[in-house]
Asker: 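Structure below; questions to follow.
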Amino acid sequence: MAIRDDIERLVARMNANPGPIRTLNAVYQFDFGEGRLLQVRFHGGQAELADGAPNAADCKLTLSEATLLRLMRKQVNAMQVYTAGELKVEGRLTAAFRLQEVLKAYPSL
């Protein structure tokens with residue numbers, strides 16, 4: 001999964017500069033279709049990337065790899081892709097908004 005490398009780089013940057021994630025305690029699950037799942041767990045000022053769904057997700061995001069990459073590169077915002085039907089959100093919507101704020105705090109890929 002090509003997007004995994006991009007997320008892994010972002011997680012490393014977050015862990016190197018944990019200020020924006022210090023108070024975030026949530027598990028985000030990214031569903032790219034066809035059983036391709038990744039999770040990012042934020043806890044104690046650290047981010048962890050996992051394949052599959054090893055943790056109970058607070059927020060499940062269903063989108064394409066290309067859409068997530070555009071979000072990570074700040075080419076679009078979450079509301080744009082949500083209203084366009086490119087992003088589906090399940091779970092705590094407040095967690096989804098918090099993730100958008102966290103992504104804004106780190107440099108684009």
Side-chain angles (χ1 to χ4, degrees):
M1 200 178 318
I3 192 73
R4 190 186 196 293
D5 294 335
D6 295 313
I7 296 171
E8 194 168 45
R9 282 192 297 276
L10 179 59
V11 164
R13 280 189 293 182
M14 290 175 172
N15 289 332
N17 178 20
I21 63 170
R22 191 164 312 282
T23 61
L24 182 56
N25 290 302
V27 175
Y28 294 91
Q29 181 172 301
F30 300 92
D31 183 342
F32 301 108
E34 299 176 4
R36 297 173 304 143
L37 303 174
L38 290 175
Q39 284 189 339
V40 178
R41 178 178 179 249
F42 295 94
H43 181 74
Q46 292 292 296
E48 300 169 359
L49 176 62
D51 294 303
N55 301 293
D58 296 293
C59 185
K60 295 178 182 179
L61 305 157
T62 302
L63 69 171
S64 70
E65 290 183 26
T67 298
L68 181 56
L69 192 57
R70 288 186 1 231
L71 285 166
M72 291 169 59
R73 290 182 174 163
K74 299 177 180 82
Q75 295 169 337
V76 293
N77 67 46
M79 188 55 75
Q80 288 173 309
V81 295
Y82 181 79
T83 56
E86 296 177 53
L87 168 66
K88 292 182 177 52
V89 180
E90 286 182 53
R92 294 185 9 222
L93 288 179
T94 55
F97 290 123
R98 178 79 165 107
L99 180 61
Q100 180 174 321
E101 293 305 312
V102 165
L103 288 177
K104 285 180 186 178
Y106 290 93
S108 296
L109 296 175

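All figures in this text were calculated on a predicted structure; none of them were measured in a lab. Below, all heavy atoms of this structure are taken into account, side chains as well, without hydrogens, waters or symmetry copies.
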Asker: Which pairs count as ring-ring contact (aromatic ring centres under 6.0 Å, His included) when at least one residue sits in residues 54-83, sequence neighbours excluded?
Answerer: none
Asker: Which heavy atom of Ala47 sits nearest a heavy atom of Val11, and at what distance?
Answerer: O-CG1, 3.4 Å
Asker: Test side-chain contact (heavy atoms from CB on, under 4.5 Å) on Asp51 and Arg4; report intermediate values, then the result.
Answerer: CA-CA 9 Å; Asp51 294 303; Arg4 190 186 196 293; 2.8 Å; yes
Asker: Scan residues 15-28 for pairs that pass salt bridge (Lys or Arg N to Asp or Glu O under 4.0 Å), counting only residues two or more places apart or in two chains.
Answerer: none
Asker: Determine whether Asp6 and Met72 make a side-chain contact, defined as any pair of heavy atoms from C-beta on separated by less than 4.5 Å.
Answerer: yes
Asker: Kindly determine whether Phe32 and Leu38 satisfy side-chain contact (heavy atoms from CB on, under 4.5 Å), including the steps that lead there.
Answerer: CA-CA 8 Å; Phe32 301 108; Leu38 290 175; 3.9 Å; yes
Asker: Using modelled atom types and a 3.5 Å cut-off, is there a donor and acceptor pairing between side-chain atoms of Asp31 and backbone atoms of Leu37?
Answerer: no
Asker: Residues in salt bridge (charged side-chain N to carboxylate O under 4.0 Å, His left out) with Glu101, at least two apart?
Answerer: Lys104
Asker: Taking only residues two or more places apart in sequence or in another chain, which ones pass side chain to side chain contact (heavy atoms under 4.5 Å, CB included) with Tyr106?
Answerer: Leu10, Met14, Asn17, Pro20, Ile21, Val102
Asker: With sequence neighbours excluded, what pairs up with Gln75 under the side chain to side chain contact (heavy atoms under 4.5 Å, CB included) test?
Answerer: Arg70, Arg73
Asker: Could you work out, with side chain to side chain donor-acceptor pair (under 3.5 Å) as the rule, every residue matching Gln46, not counting sequence neighbours?
Answerer: none
Asker: Side-chain contact, heavy-atom cut-off 4.5 Å: Glu86 with Gln80?
Answerer: no
Asker: Identify, with sequence neighbours excluded, every residue that meets side chain to side chain donor-acceptor pair (under 3.5 Å) alongside Thr23.
Answerer: Arg98
Asker: What is the distance from atom CG of Leu87 to atom CG of Leu68, rounded to the nearest 0.5 Å?
Answerer: 9.5 Å
Asker: Enumerate the residue pairs fulfilling ring-ring contact (aromatic ring centres under 6.0 Å, His included) with a member in residues 56-80, sequence neighbours excluded, ordered by first and then second residue.
Answerer: none
Asker: Which pairs with one or both residues in residues 36-81 pass ring-ring contact (aromatic ring centres under 6.0 Å, His included), sequence neighbours excluded?
Answerer: Tyr28-Phe42
Asker: Let me confirm one number: the OG1-CG distance from Thr94 to Leu99, rounded to the nearest 0.5 Å.
Answerer: 11.5 Å
Asker: Could you grab the distance from atom CG of Leu49 to atom CD1 of Ile7, nearest 0.5 Å is fine?
Answerer: 6.0 Å
Asker: At what distance, to the nearest 0.5 angstrom, does NZ of Lys74 lie from CD of Gln100?
Answerer: 10.5 Å
Asker: Give every donor-acceptor pair under 3.5 Å between a side-chain atom in residues 54-63 and any protein atom, sequence neighbours left out.
Answerer:
unit_1, atom_1, unit_2, atom_2, d
Asn55, ND2, Gln39, OE1, 3.4
Asp58, OD1, Arg92, NH1, 3.3
Asp58, OD2, Val27, N, 2.7

